[in-house]
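Before any comments, here is the structure.
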Amino acid sequence: MDSFSRTSSEKRLVDNPNVAIKDDYERRPQTDAFVDDDGWVPVIISWIRIVTCFVSMMITTFIWALIMLVLIPWPYERIRQGNVYGHVTGRMLMRILGNPIKIEGAEYSKKRAIYICNHASPIDIFIIMWLTPTGTVGIAKKEIIWYPLFGQLYVLSNHLRIDRSNPMAAIESIKKAAHAVVKNNLSLIIFPEGTRSKNGRLLPFKKGFVHLALQTALPIVPMVLTGTHLAWRKGSLHVRPAPLTVKYLPPISTENWTVSKIDDYVKMLHNLYAENLPKSQRPLP
């Protein structure tokens, strides 16, 4: 943001958060196996990591909340600063948790697009905060405002919410989101499943992301996350050292998409995810 001075290294992180990804994580040992130890020592270590994450997030959230309050008259700048907050905080939280991460196809993360991502763990949020390019707006369920710390800053950052319990309101929210994305030259990030998977297996996709693509003509860039459901399981406070993979797939053009084929596009993207997920995360037949 022009009105805020940053060091050159910080600016590189803001403009392209993937620049330092390989240098940072290739130095860490990469492995496809981990010991699933439920003993008291790893559990205590996990709790310490989670508490450290929470305290660290409190600090960065407080700092950026002050910035957002100053920027109330400038909603677009609040979106950008929300992305900066995500780059700093998401990267920090992943380092605290310590899971080895492999990132593939990072070259596809550098363009304006609709980014879609499968969702099976709270860790998914940290990852997309970190890797989402600057100038990207999120769209989430309206209840996100009640998430401690993150939800309140999400709203202050001028990201978008939809009311899933009211179909007409949800359609109107999608129209407003598309208008904001086009008007301000933004990208967009969305979970096409609409909710978090309980067991890591891919859930059916909602149609909202296709409607957004039809209204914005932006390409779709799938982000395939694997292993996060093993690292932080639903209902657990034990974060395990499972290896994670983030795989960007090549952009899919939507310029020639038509309303009459919405179901076909949803099925196509869902099948693409199923093909790129490990067997344990594919939907059951």
Side-chain angles (χ1 to χ4, degrees), residues 1 3-4 6-7 9-21 24-25 50 52-71 74-97 99 101 103 106 108-119 121-141 144-145 147-161 177 180-181 184-191 196 221 223 225 228 231-232 244 246 248:
M1 201 179 76
S3 58
F4 289 85
R6 295 190 290 270
T7 64
S9 62
E10 288 172 327
K11 188 175 190 300
R12 286 194 296 272
L13 175 63
V14 171
D15 291 341
N16 185 1
N18 292 316
V19 168
I21 288 172
D24 187 15
Y25 281 94
I50 291 174
T52 303
C53 283
F54 185 76
V55 172
S56 302
M57 192 172 182
M58 284 182 63
I59 295 171
T60 57
T61 300
F62 177 76
I63 293 171
W64 261 272
L66 295 177
I67 294 174
M68 297 302 177
L69 291 173
V70 173
L71 294 174
W74 299 282
Y76 175 66
E77 294 302 339
R78 279 188 279 135
I79 292 173
R80 290 180 60 85
Q81 276 301 311
N83 297 147
V84 177
Y85 163 82
H87 299 161
V88 173
T89 305
R91 181 187 178 96
M92 174 184 66
L93 297 179
M94 291 310 302
R95 290 183 67 88
I96 292 171
L97 294 178
N99 294 81
I101 303 178
I103 298 175
Y108 302 130
S109 69
K110 302 174 183 178
K111 66 180 300 178
R112 184 167 167 253
I114 295 174
Y115 293 88
I116 62 173
C117 181
N118 57 307
H119 187 23
S121 168
I123 291 178
D124 304 336
I125 304 292
F126 303 160
I127 291 175
I128 66 169
M129 285 169 61
W130 169 30
L131 299 181
T132 296
T134 302
T136 300
V137 65
I139 183 165
K141 59 185 180 181
I144 197 171
I145 192 174
Y147 289 16
L149 302 178
F150 176 77
Q152 292 76 50
L153 195 66
Y154 180 93
V155 175
L156 274 176
S157 300
N158 203 40
H159 289 287
L160 306 169
R161 295 178 295 153
V181 166
N184 297 296
N185 293 316
L186 299 170
S187 291
L188 191 141
I189 179 77
I190 188 171
F191 293 124
R196 182 171 45 157
V221 175
M223 295 174 64
L225 305 188
T228 61
W232 194 339
L244 314 176
V246 181
Y248 292 90

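All values derive from a computational prediction rather than experimental measurement. Side chains are part of it too, since the values below use all heavy atoms of this structure and drop only hydrogens, waters and symmetry mates.
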**Q.** Heavy-atom side-chain proximity of Q152 to T61 below 4.5 angstrom
**A.** no
Q) Got a second to check how far T132's OG1 is from H87's NE2, nearest 0.5 Å? A) 6.5 Å
Q. What is the minimum heavy-atom distance between L71 and E77, and which atoms define it?
A. CD1-O, 4.1 Å
Q.
Nearest 0.5 angstrom please: L160 CG to Y154 OH, how far?
A. 6.0 Å
Q.
Minimum heavy-atom separation for L186 and A180, please, with both atom names.
A. CD1-O, 3.8 Å
Q | Under 3.5 Å donor-acceptor, T89 side chain and G86 backbone | A | no
Q) Which value, rounded to the nearest 0.5 Å, describes the distance between L153 atom CG and R78 atom CZ? A) 10.5 Å
**Q.** Contacts of T228 that satisfy side chain to side chain donor-acceptor pair (under 3.5 Å) - sequence neighbours left out
**A.** D124
Q. With a 4.5 Å limit on heavy-atom distance, are the side chains of S109 and L131 in contact?
A. no
(Q) How long is the straight-line distance from NZ of K141 back to CZ of R161, given to the nearest 0.5 Å? (A) 12.5 Å
(Q) Which heavy atom of C53 sits nearest to which heavy atom of L93, and what is that distance? (A) O-CD2, 3.5 Å
Q. For the atom pair CG (L225) and CG (N118), what is the distance rounded to the nearest 0.5 Å?
A. 5.0 Å
Q) Is L156 close to W64 at the side-chain level, that is, under 4.5 Å between some pair of heavy atoms? A) no
Q | Under the side-chain contact (heavy atoms from CB on, under 4.5 Å) test, residues paired with S187 that sit two or more places apart | A | R112, Y115, T136
Q. Given side chains that start at C-beta, do those of I127 and L244 come closer than 4.5 Å, heavy atoms only?
A. yes
Q.
The test is side-chain contact (heavy atoms from CB on, under 4.5 Å); show your working for I189 and M223 and say whether it passes.
A. CA-CA 10 Å; I189 179 77; M223 295 174 64; 4.2 Å; yes
Q: Check the pair N158, Y76 against side-chain contact (heavy atoms from CB on, under 4.5 Å), reporting the backbone distance first and the verdict last.
A: CA-CA 8 Å; N158 203 40; Y76 175 66; over 6 Å; no
Q. Should P133 and K110 count as side-chain neighbours, where that means a heavy-atom distance under 4.5 Å?
A. no
Q) Atom CG in L97, atom CE in M92: separation rounded to 0.5 Å? A) 10.5 Å
Q) Looking at side-chain heavy atoms only, is the closest gap between W130 and I101 below 4.5 Å? A) yes
Q: Compare every heavy atom of A177 with every heavy atom of I139, then report the nearest pair and how far apart it is.
A: CD1-CB, 4.1 Å
Q.
Quick one, I63 and Y85 - any side-chain contact, counting heavy atoms below 4.5 Å?
A. no
